[in-house]
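Just so we're clear, the structure is a prediction, and the values are computed from it rather than from any experiment.
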Amino acid sequence: MTGGGPVTLLTGATGFLGSALATRLLGQGRTVRCVVRGASADERARRLRAALRVTGARGASGAEGIFPAEGAFPAGGISPGEGIFPAEGIPRGEGISSAERISPREWENVDVVPGDLSQERLGLPRGRFEALLDGVTDIVHCGARVTMALPYGALHDANVRATEELLGLAEAGGARFVHVSSMAAVAHRLTGEPFELLDPVSGGYGQSKWSADRLVSVAHQEKRVRAVILRPGRVTADSRTGRSNPDDLMERVVRMCAVLGAAPRLDTRVRLSPVDWVARLMIRLAGDDTLHGRAYHVVSDRSMPWSGVPTALRAAGHTVRELPYAEWRSLVVTAGRDHAEAARVAHALPADGLVLDERAASRPARARRDLAADFPEPPEPEALLLDTLAAWGRTGQLPTPHGPRPGAPRPGGGGDR
């Protein structure tokens, strides 16, 4: 690490959003001190280099995907071995854009330090924990244990206690605190973007993020820290490269439609908030001292009807028939008997329909108002989806289409603001 510039302590840097934040911070010339789990320094560095796609890094290209030749797909699907879904949502090396790579020079400004959010003081002795703050001007807390399957108690240590301990570091060293929360912390009936959340939420993950959110707002109100709270919703594939979130159900459903050659009929809208846009907006909000003491919902305010998804798949050259949801879900369940990714999708599908934009009323209204002309406009969803499908095809995340059908329409006309 060369150092010399401002230093940001970042948690969650090996995650989908956290790695995008690290990339943007490094692009600003900052030194980024990344808290990374791992049994050894080599393991921690390897994990982070892979997440940040350091040019020339071993293993940075990600894993070859699932859907090997385990048996035939149902009629209308693909042949064994055609579909590839990288296990970590990371495209193979040849498909990674220079816009998303970290250069060796930028890597010199990365300080990899050990830490496990689920452990007291991140699993470090007190002196070493306090030393994390050496030279740090900002703490960007993006790390969390993200699962909807566990109760609050199982998530408390990683999501609540770790936040409290990092707030204590920020208070001791006078560092700004940027808390990456979640829309899961916000009650569905709530309107606006309040800094202090009062209405309770359900579900262990949402409750843990609500509790952490409250710790941050109270610490700021008591003038112990200067804090800003950023609440992302669904974060989708990078608009430049198609690198996707391996845990996002919506994007896995879209890819499954291409693989099976079938899409469900859904009465829902699709909102695409690409990770590069989310990271850009977050860093812009986090870097403005005048915006402390505020919370921002970091979601795109543009959406499209689900019907635009099969239209886009056809425009990209895929043969896709549309089925009632129950029939399509049954097709996925059948495919899941032989194929791991289909089984994973099937397990996550509700029995009685799929809603993909649960926060239809959410908007980045405060960010638009506070940033005015500096607000980065999100991409139009129809064009973004086509670009994402093309990127997924280039990087092996979709089966090879047979080419656009003659006269196939491009999706459009369904977006809103």
Side-chain angles (χ1 to χ4, degrees), residues 16 53 60-69 72-74 76-101 235-264 270 272-277 304 306-322 328 332 335 339-342 344-345 356 379-412:
F16 181 60
R53 287 150 194 83
S61 59
E64 297 276 328
I66 58 187
F67 283 167
F73 274 92
I78 64 171
S79 300
E82 268 191 305
I84 296 177
F85 291 140
E88 299 297 330
I90 300 172
R92 286 176 283 177
E94 64 271 19
I96 300 172
S97 162
S98 60
E100 207 181 14
R101 285 193 177 103
V235 182
T236 56
D238 191 293
S239 67
R240 305 158 300 174
T241 68
R243 181 175 68 95
S244 57
N245 183 347
D247 297 319
D248 182 64
L249 177 61
M250 182 181 72
E251 294 185 336
R252 286 157 52 204
V253 164
V254 172
R255 291 193 291 266
M256 188 59 58
C257 291
V259 168
L260 297 178
V270 173
L272 302 178
S273 300
V275 66
D276 52 310
W277 175 80
M304 60 184 283
W306 167 260
S307 60
V309 172
T311 300
L313 285 165
R314 295 186 190 106
H318 298 277
T319 300
V320 178
R321 56 196 172 115
E322 295 183 55
W328 179 81
V332 178
H339 300 279
E341 174 63 4
R344 187 180 180 211
V345 173
L356 296 172
E380 292 292 347
E382 295 85 1
L384 176 59
L385 179 57
L386 280 177
D387 290 344
T388 300
L389 293 175
W392 286 348
R394 289 192 302 271
T395 55
Q397 298 182 79
L398 286 180
T400 303
H402 300 292
R405 293 185 295 104
R410 289 177 61 90

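Atom CG of D238 and atom CG of D387 lie 11.0 Å apart (nearest 0.5 Å). Residue L389 holds its CG atom at 12.5 Å from CZ of R314, rounded to the nearest 0.5 Å. If you take NE2 on H318 and OG1 on T400, they are separated by 8.5 Å, rounding to the nearest 0.5 Å. Of the inter-residue distances, the one linking M256 atom CE with R344 atom CZ reads 10.0 Å to the nearest 0.5 angstrom.
S244 and R255 form a side-chain donor-acceptor contact under 3.5 Å, judged by distance and modelled atom types alone.
The minimum heavy-atom distance linking V275 with R243 is given by the pair CG1-NH2, 4.3 Å. Residue F16 comes nearest to T236 through the heavy atom pair CZ-O, 3.5 Å, listed as atom of the first residue, atom of the second, then distance. Between L386 and A312, the shortest heavy-atom distance links the atoms CD2-O, 3.8 Å. Taking every heavy atom of both residues into account, V332 and A342 meet most closely at CG1-O, 3.5 Å. Looking at every heavy atom in both residues, A258 comes nearest to L313 through CB-CD2, 3.9 Å. The minimum heavy-atom distance between T388 and A237, with the atom names listed, is CG2-CB, 3.9 Å.
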**Candidate pair L272 and E382, rule side-chain contact (heavy atoms from CB on, under 4.5 Å), full reasoning** = CA-CA 9 Å; L272 302 178; E382 295 85 1; over 6 Å; no
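Using a 4.5 Å heavy-atom cutoff, the side chains of P310 and C257 are not in contact. At a threshold of 4.5 Å between non-hydrogen side-chain atoms, the residues L260 and V320 do not count as touching.
Applying the side chain to side chain contact (heavy atoms under 4.5 Å, CB included) rule to D248 yields the partners R234, N245, M250, E251; only residues at least two apart in sequence or on another chain are considered. A search for side-chain hydrogen bond (donor to acceptor under 3.5 Å, both in side chains) contacts involving S239 returns D276, not counting sequence neighbours.
Side chain of W328 to main chain of E322: no donor-acceptor pair is present (N/O by atom type, distance under 3.5 Å, no hydrogens or angles).
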